[in-house]
**Q** 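Okay, here's the structure, questions in a sec.
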Protein chains: 2
Amino acid sequence: MAKKTRGVTIPDIAKAAGVSTATVSRVLNGVDYPVRPELKERVLEVAKDLNYTPNIFGRMLKGGKSNDIGIIIPTLTNPFYAQVVSGIERECRKRGYNPIFCSSYSDPEKEREFIHLLMQKRVEGMLISTINQDSTFLKNVLKQQSNIVLFDQQTEDLPCDNISFDFFEGGKLAANYLIENGHRDIAFLTLSFVRKSRQSIYDGIKAAMKSHGLSLTKERTFILSIKNEYEDSIDEFENGRMLARQFIEANCPASAIIAINDITAFGIIREMSDHGVDIPGDISIIGFDNISTSAMINPPLTTINQPSFETGRLAARVLIEKIEQEIDMNSNLLLKPSVVERKSVKRI
Amino acid sequence: MAKKTRGVTIPDIAKAAGVSTATVSRVLNGVDYPVRPELKERVLEVAKDLNYTPNIFGRMLKGGKSNDIGIIIPTLTNPFYAQVVSGIERECRKRGYNPIFCSSYSDPEKEREFIHLLMQKRVEGMLISTINQDSTFLKNVLKQQSNIVLFDQQTEDLPCDNISFDFFEGGKLAANYLIENGHRDIAFLTLSFVRKSRQSIYDGIKAAMKSHGLSLTKERTFILSIKNEYEDSIDEFENGRMLARQFIEANCPASAIIAINDITAFGIIREMSDHGVDIPGDISIIGFDNISTSAMINPPLTTINQPSFETGRLAARVLIEKIEQEIDMNSNLLLKPSVVERKSVKRI
DNA sequence: ATGAAAGCGCTAACAC
DNA sequence: GTGTTAGCGCTTTCAT
């Protein structure tokens with residue numbers, strides 16, 4: 001017996017309070033419209049008595065704001081995105097908006113579907129972590145809904161706000177940190193470059209090494225091709241183990257490893273341990289992301305901080321400014337990386 | 001210049017295609033209503049050309065289903081809930097519903113606000129992990145919206161579906177596992193009992209020990225009172241460290257520790273390591289939850305599995321059944337715990 | 001200060 | 001098979 005209550009409506013209240021629907025609406029919306037205090041009170045009381053819940057659809061239809069904001073991220077299963085989402089939610093709520101989250105699992109098809117869904121829901125704007133290389137689709141969407149800010153993945157040539165992380169600089173930072181600690185033979189263990197961010201990190205590492213007269217050779221670069229991006233974080237862990245196995249089998253003599261992200265680094269550490277390789281005694285490792293568990297693991301992981309919660313907040317803030325100011329000034333923010341020094345890198 | 005497009009409407013299409021609005025509506029909804037194929041095609045084409053996006057508010061107002069499901073959880077920051085939420089989303093999408101997530105941060109006030117918000121949004125039902133002890137509020141809500149299923153926290157005396165975890169049994173299992181491994185002196189490190197689940201675990205442990213002629217003494221029970229439940233998972237980690245410090249300072253001779261949850265266990269492990277105490281060499285530890293990182297940490301954490309993803313799926317499934325069947329059969333499921341044996345408990 | 005009424009975009013009952 | 005039209009609940013202009 002699911003509720004079929006046709007709900008209390010404004011006319012119901014109007015009748016019960018002996019006033020017009022206009023008055024009720026005015027009172028209920030608390031606008032500064034002159035209404036006799038006595039009436040106002042009566043209406044409010046009746047509304048409460050009848051347990052009135054406004055039907056937003058009527059209001060929306062009349063042209064109101066939905067106050068919804070659509071968000072598309074790859075997955076909540078990855079703590080990095082969980083943090084981003086927390087930041088987004090925090091900022092949205094603070095400003096009176098309701099976030100609507102959709103997990104695309106990095107599937108371009110799903111991404112498209114969600115965008116349509118959100119458009120139908122008449123969201124005020126969207127926050128998207130897109131993987132879609134095909135920018136024509138997004139360009140079309142932008143024609144209908146210009147309140148879009150992309151985050152986390154830089155997508156060039158799109159006339160759209162973008163909050164992202166300076167992966168190139170991050171790659172440089174990681175390499176430089178290792179070099180400063182005396183490492184000259186550095187390896188890079190990564191997943192395939194379907195995400196542009198990975199390519200950027202790679203480029204950053206190469207740039208940093210080059211400027212020190214070193215180089216990241218093919219033999220030091222381990223690239224794992226996987227079918228499913230982000231099905232589950234345990235998969236990323238397994239990817240790390242696989243990469244470590246390749247590294248070991250290749251008899252790679254590098255003294256330090258840069259891992260494409262923290263969870264992958266966890267997998268690498270585990271596999272190394274299982275092979276009796278001590279971290280950081282025998283080999284050093286640095287990760288990317290700085291998810292909260294990186295501080296909890298053994299050894300505590302030195303990593304490149306990508307301010308997840310802040311990214312979420314910032315992205316939401318930029319979007320909301322845009323929605324409210326109704327101006328189209330595209331910002332293109334690039335968040336700066338920093339290294340979080342812990343215990344997984346040894347000075348040699 | 002945020003979009004002010006008054007959008008393409010059905011009448012627009014009708015005019016452009018030279019048919020009536022009714023025809024357009026019928027075609028667009030793809031109902032099996034007889035329409036001349038030729039017209040059908042024309043309408044579809046015009047709709048595509050005009051880039052038509054239906055205005056759901058009109059449809060809703062007409063009495064349609066929102067297909068939204070509201071979800072209230074403490075926080076996404078805790079990987080356990082992130083997993084639950086993933087499970088919920090998966091099931092919802094599969095069945096054609098859109099989840100709307102709200103993080104209450106275990107604040108009863110926020111919880112109430114969200115419930116109102118969701119009621120206004122005319123969700124088809126709600127999935128709530130409530131912390132609210134005051135059941136009268138929820139009882140009132142149930143009068144207006146009977147499609148509610150509570151999960152994760154058992155709340156007795158509420159005429160409402162409930163999916164929860166058998167914490168008592170979990171506590172027993174943890175203690176028994178330790179006992180089977182030769183431990184007779186067991187300590188319990190926990191956060192304060194604001195959540196009923198913690199009390200249940202405690203009771204379970206005591207029951208198991210009693211049945212083996214052992215007992216969990218006051219001196220073996222460390223309870224940390226904290227102000228903020230779930231502000232951030234790093235807080236829980238710190239809580240673990242604090243508990244470990246208390247444990248050490250008290251010179252507690254227990255050979256094994258049961259931690260109230262995995263992240264707290266991580267903190268305990270870290271603090272112990274920092275004090276030169278080897279896990280599991282010197283002392284064994286077992287956690288609760290089995291979050292994914294528990295498998296990644298060193299040593300891999302032995303823990304009581306609480307099937308997070310499955311809980312989410314199941315809760316969503318039960319709710320959807322309820323919504324669609326329109327019957328009011330309350331189920332009260334109690335998920336069974338199991339121990340996940342890894343490396344943090346030593347046989348003695 | 002209050003009320004009557006139009007209309008937002010859609011669906012469906014009814015008429016043809 | 002197709003079209004006309006009456007609302008769904010709300011806000012808001014315009015009249016009073």
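Computed from a predicted model, the values in this text were never measured in an experiment. When reading the values below, keep in mind they use all heavy atoms of this one structure, side chains included, and skip hydrogens, waters and symmetry mates. Per chain, numbering begins at 1; letters A, B, ... match sequence-line order.
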**Q** Quantified as the angle between the terminal helix axes (five pairs each), what is the overall bend of the helix from C:dA1-D:dT16 to C:dC16-D:dG1 to 10 degrees?
**A** 40°
**Q** Is A:Asn29 near enough to D:dT11 that one of its side-chain N or O atoms lies under 4.0 angstrom from OP1 or OP2?
**A** yes
**Q** Pick from B:Ile115, B:Val149, B:Asn147, B:Leu150: which one makes a side chain to side chain contact (heavy atoms under 4.5 Å, CB included) with B:Met126?
**A** B:Ile115
**Q** Output the rounded distance in Å from CG (B:Asp12) to P (C:dG9).
**A** 8 Å
**Q** Using a strict 4.0 Å threshold on nitrogen-to-oxygen distance, state whether A:Asp68 and A:Arg122 make a salt bridge.
**A** no
**Q** Inspect the contact between B:Asp32 and B:Arg26 and indicate whether a charged nitrogen and a carboxylate oxygen are less than 4.0 angstrom apart.
**A** no
**Q** Rounded to whole Å, please give me the gap between CG in B:Leu50 and C1' in C:dG9.
**A** 15 Å
**Q** Would you mind reading off the distance between B:Leu28 atom CG and C:dT11 atom P, rounded to a whole angstrom?
**A** 8 Å
**Q** Rounded to whole angstrom units, what separation is found between the CE atom of B:Met60 and the C1' atom of D:dC10?
**A** 16 Å
**Q** Please check: side-chain N/O of B:Asn162 versus main-chain N/O of B:Asn332, any donor-acceptor pairing under 3.5 Å?
**A** no
**Q** Rounded to the nearest angstrom, tell me the gap between atom CG in B:Leu61 and atom P in D:dT11.
**A** 11 Å
**Q** For nucleotides 2-4 of chain D, tabulate all protein N/O to nucleotide N/O atom pairs closer than 3.5 Å, reporting atom names and distance.
**A**
{"residue": "D:dT2", "atom": "OP1", "partner": "B:Arg36", "partner atom": "NH1", "Å": "2.5"}
{"residue": "D:dT2", "atom": "OP2", "partner": "B:Arg36", "partner atom": "N", "Å": "2.4"}
{"residue": "D:dT2", "atom": "O4", "partner": "B:Tyr33", "partner atom": "OH", "Å": "3.0"}
{"residue": "D:dG3", "atom": "OP2", "partner": "B:Ser20", "partner atom": "N", "Å": "2.9"}
{"residue": "D:dG3", "atom": "OP2", "partner": "B:Ser20", "partner atom": "OG", "Å": "3.3"}
{"residue": "D:dG3", "atom": "OP2", "partner": "B:Thr23", "partner atom": "OG1", "Å": "2.8"}
{"residue": "D:dG3", "atom": "N7", "partner": "B:Arg26", "partner atom": "NH2", "Å": "2.9"}
{"residue": "D:dG3", "atom": "O6", "partner": "B:Arg26", "partner atom": "NH1", "Å": "3.2"}
{"residue": "D:dG3", "atom": "O6", "partner": "B:Arg26", "partner atom": "NH2", "Å": "3.2"}

**Q** Using a 4.5 Å cut-off on heavy atoms from C-beta on, say whether the side chain of A:Lys65 contacts that of A:Tyr97.
**A** yes
**Q** Charged N to carboxylate O below 4.0 Å: is that the case for B:Arg95 and B:Glu321?
**A** yes
**Q** Looking at A:Glu113 and A:Lys110, is there a salt bridge between them, counting it only when a charged N and a carboxylate O are closer than 4.0 Å?
**A** no
**Q** B:Phe57 CZ to D:dT11 P: how many Å, rounded?
**A** 13 Å
**Q** Is the closest basic N to carboxylate O distance between B:Arg42 and B:Asp49 below 4.0 Å?
**A** no
**Q** Take atom NZ of A:Lys62 and atom P of C:dA5, then tell me their distance rounded to the nearest Å.
**A** 15 Å
**Q** Between P on C:dG7 and CD1 on B:Ile10, what's the gap in Å once rounded to a whole number?
**A** 19 Å
**Q** Would the number of heavy atoms belonging to other residues, nucleotides or ligands and lying under 6.0 Å from NZ of B:Lys40 be above 12?
**A** no
